[in-house]
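Presented below is the structure to which this report refers.
These numbers come from the heavy atoms of this one structure, side chains and all, not from hydrogens, waters or symmetry mates.
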Amino acid sequence: MKKIQKLIIGGGGMLLPFVALAQTGTFGTLVNKIQTTINRIIPVIIGITVLVFLWGVANYVMSAGDEEKRKEARQFIIWGLVGLVIMVGIWGLINVFVDALGLGTGGSQITPPTVNFGQ
């Protein structure tokens with residue numbers, strides 16, 4: 001639980017520059033910058049999970065006689081697939097969120113209403 005709290009606090013701290021930029025731009029530009037950052041990071045993480053999966057497959061094939069090494073390789077395969085599914089799911093959810101709010105490229109900006117006091 002402490003590790004999760006540290007991860008959340010650290011992740012929140014990394015988002016502080018985006019919050020500072022929000023004062024000069026609109027909410028849409030903030031979301032677009034976050035989306036751009038995530039779209040750059042996710043392919044790297046997906047690549048790492050594919051490498052973990054392939055490492056597990058290679059170790060599974062190479063350790064045909066040792067059952068203990070096969071169990072360890074099987075765990076690499078499982079965790080590689082779990083990581084891949086989670087990252088593709090997160091990437092899809094973020095894109096659905098951005099598309100649903102119209103915050104993608106060419107999206108409209110939300111403007112606050114103006115009040116006319118009897119001119």
Side-chain angles (χ1 to χ4, degrees):
M1 190 65 176
K2 292 266 185 189
K3 288 183 180 181
I4 294 173
Q5 289 175 342
K6 288 180 182 179
L7 183 66
I8 291 172
I9 291 171
M14 291 187 330
L15 291 176
L16 285 177
F18 291 117
V19 175
L21 289 173
Q23 295 177 0
T24 59
T26 63
F27 178 72
T29 58
L30 174 66
V31 172
N32 282 336
K33 287 181 183 190
I34 292 172
Q35 181 191 18
T36 302
T37 303
I38 290 173
N39 281 339
R40 289 181 182 165
I41 292 172
I42 285 181
V44 173
I45 296 174
I46 289 174
I48 291 169
T49 60
V50 168
L51 288 176
V52 168
F53 173 75
L54 292 176
W55 178 261
V57 170
N59 283 341
Y60 191 82
V61 170
M62 297 293 227
S63 61
D66 191 3
E67 189 60 35
E68 187 63 33
K69 287 185 179 181
R70 287 185 82 156
K71 283 184 180 180
E72 184 179 327
R74 194 176 304 129
Q75 288 299 316
F76 274 103
I77 293 170
I78 291 170
W79 285 111
L81 287 175
V82 167
L84 185 64
V85 167
I86 289 172
M87 292 312 300
V88 169
I90 289 173
W91 189 34
L93 284 175
I94 289 171
N95 286 327
V96 166
F97 172 73
V98 168
D99 289 342
L101 293 178
L103 298 173
T105 55
S108 62
Q109 292 183 354
I110 300 172
T111 57
T114 58
V115 178
N116 187 359
F117 289 109
Q119 288 186 17

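The hydrophobic clustering, which links ILVMFWY residues whose side-chain heavy atoms are closer than 4.5 Å, places Leu81 and Ile48 apart. If you chain together hydrophobic residues whose side chains sit under 4.5 Å apart, Val85 and Trp55 never meet in one group. In the hydrophobic clustering of ILVMFWY residues, with side-chain heavy atoms under 4.5 Å counting as a link, Leu54 and Ile45 come out together. Val82 and Ile46 end up in the same hydrophobic cluster when Ile, Leu, Val, Met, Phe, Trp and Tyr side chains are linked at under 4.5 Å. Note on Ile86: it clusters hydrophobically with Trp79, by side-chain heavy-atom contacts below 4.5 Å among ILVMFWY residues.
Under the 4.5 Å side-chain criterion, counting only non-hydrogen atoms from C-beta, Gln75 is not in contact with Glu72. For the pair Leu84 and Phe53, the minimum side-chain heavy-atom distance is 4.5 Å or more. Counting heavy atoms from C-beta outward, Ile78 and Arg74 have side chains that approach closer than 4.5 Å.
Heavy-atom minimum distance, Ser63 versus Lys69: CB-CB, 3.6 Å. When all heavy atoms of Phe76 and Val52 are compared, the pair lying nearest together is O-CG1, 3.6 Å. When every heavy atom of Ala73 is checked against every heavy atom of Tyr60, the shortest pair comes out as CB-N, 3.4 Å.
Rounding to the nearest 0.5 Å places CG of Asn59 at 11.0 Å from CG of Asp66.
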